[in-house]
Amino acid sequence: MDASAFGKCSYSYEDYRETADWLLANTQLRPKVAIICGSGLGGLADLLENRNVFPYTDIPRFPHSTVEGHAGKLVFGELEGRQCVCMQGRFHFYEGYNIATVTYPVRVFFLLGVETLIVTNAAGGLNSSFNVGDIMLIRDHINMPGFAGQNPLCGHNDERFGVRFPCMSDAYDRELGTMARRTAEEQGCGSFLQQGVYCMLAGPTFETIAECRALQVLGADAVGMSTVPEVVVARHCGMRVLGFSLITNKVVTDYDSQQKANHQEVLQTTEMRAKDLQRLVRHMVGQL
Ligand SMILES: *[C@@H]1O[C@H](CO)[C@@H](O)[C@H](O)[C@H]1NC(C)=O
């Protein structure tokens, strides 16, 4: 794959507009809800009815997936009678994309008229009271790449998307959070629903023991390699955000432990709980 496939450092309003206009011309659907499916959680897109499916490679100016055999599709359709657009396959910073490219779809969603963004991911549990297979409602985040100068809003600010200095103290919508907790109870997910702070690291390495301990001291409950840039861009343009992390493993914080983080464990847990998370998201969408 040539370097240009990883996207530009910045995009103009016209780039996003061109993508959005093409999609609007190719689907009758006008979604108010966008869903970004995390690793192994793309099955949600298969639940949509009256679907219009666009492989990323068909969409003008849209970034392409680097992962071989990984679904890279934008799926429009109806979930519980609500029009939605679902990203099956997201763009991770660790794959080599520019941070502006990682968040490209979110601004396209904004231009499509989307008002609510639902994000899901797989994450490592830092909070010792979390169990593998818990679903964590994201209450707040720590933008670690942002600490290191990788914020998707760096550079020229286009006021058509939002203000120069957007507020992030209300990043995750409280009303949606309350609805999610109630919905989890109703759907029999109450016993494994947690709530906490998600910390993003760039990856692709899993964390060292010292890093995990440091993140616990910082107040993070879960750690992963995605989501935060998309949320920052969504909040910048005024979307409401609801986020869930599936706790796929417990991080190692003990030098005597023989446990090691591995991608296989992540995939197995995701498979076990994906249906519960899908059901939760589906019933949330039905109430929006
Ligand atoms: C961990 O999660 C529990 C239950 O959600 C919460 O009460 C606690 O404040 C969290 N943090 C720590 C450091 O235990």
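Below, each value reflects all heavy atoms present in this structure, side chains not excepted, and no hydrogens, waters or symmetry copies. As the structure is a prediction and not an experimental result, all values here were calculated from the model. In each ligand, atom 1 is the first atom listed, and ligand 1 is the first ligand listed.
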Would you mind writing out a table of all protein N or O atoms found under 3.5 Å from any N or O atom of ligand 1, naming both atoms and giving the distance to 0.1 Å?
unit_1, atom_1, unit_2, atom_2, d
ligand 1, 2 (O), Asn127, OD1, 3.4
ligand 1, 2 (O), Asn127, ND2, 2.3
ligand 1, 2 (O), Ser129, OG, 3.2
ligand 1, 5 (O), Gln194, OE1, 3.3
ligand 1, 11 (N), Asn127, ND2, 2.9

Just checking, is any N or O donor in the side chain of Ser226 or Tyr94 under 3.5 Å from an acceptor N or O on the other one?
no

Side chains of Val85 and Leu74: closer than 4.5 Å at any heavy-atom pair?
yes

Min side-chain heavy-atom separation Arg90-Asn121 under 4.5 Å
yes

Result of checking Ile35, Thr116, Val33, Leu242 against Met284 for side chain to side chain contact (heavy atoms under 4.5 Å, CB included):
Leu242

Verify whether one side chain among Gln287 and Thr183 offers a donor that lies under 3.5 Å from an acceptor in the other.
yes

Residues pairing under side chain to side chain donor-acceptor pair (under 3.5 Å) where one sits in residues 193-205, two or more places apart or in two chains, turn out to be Asp134-Gln194, Arg181-Gln195

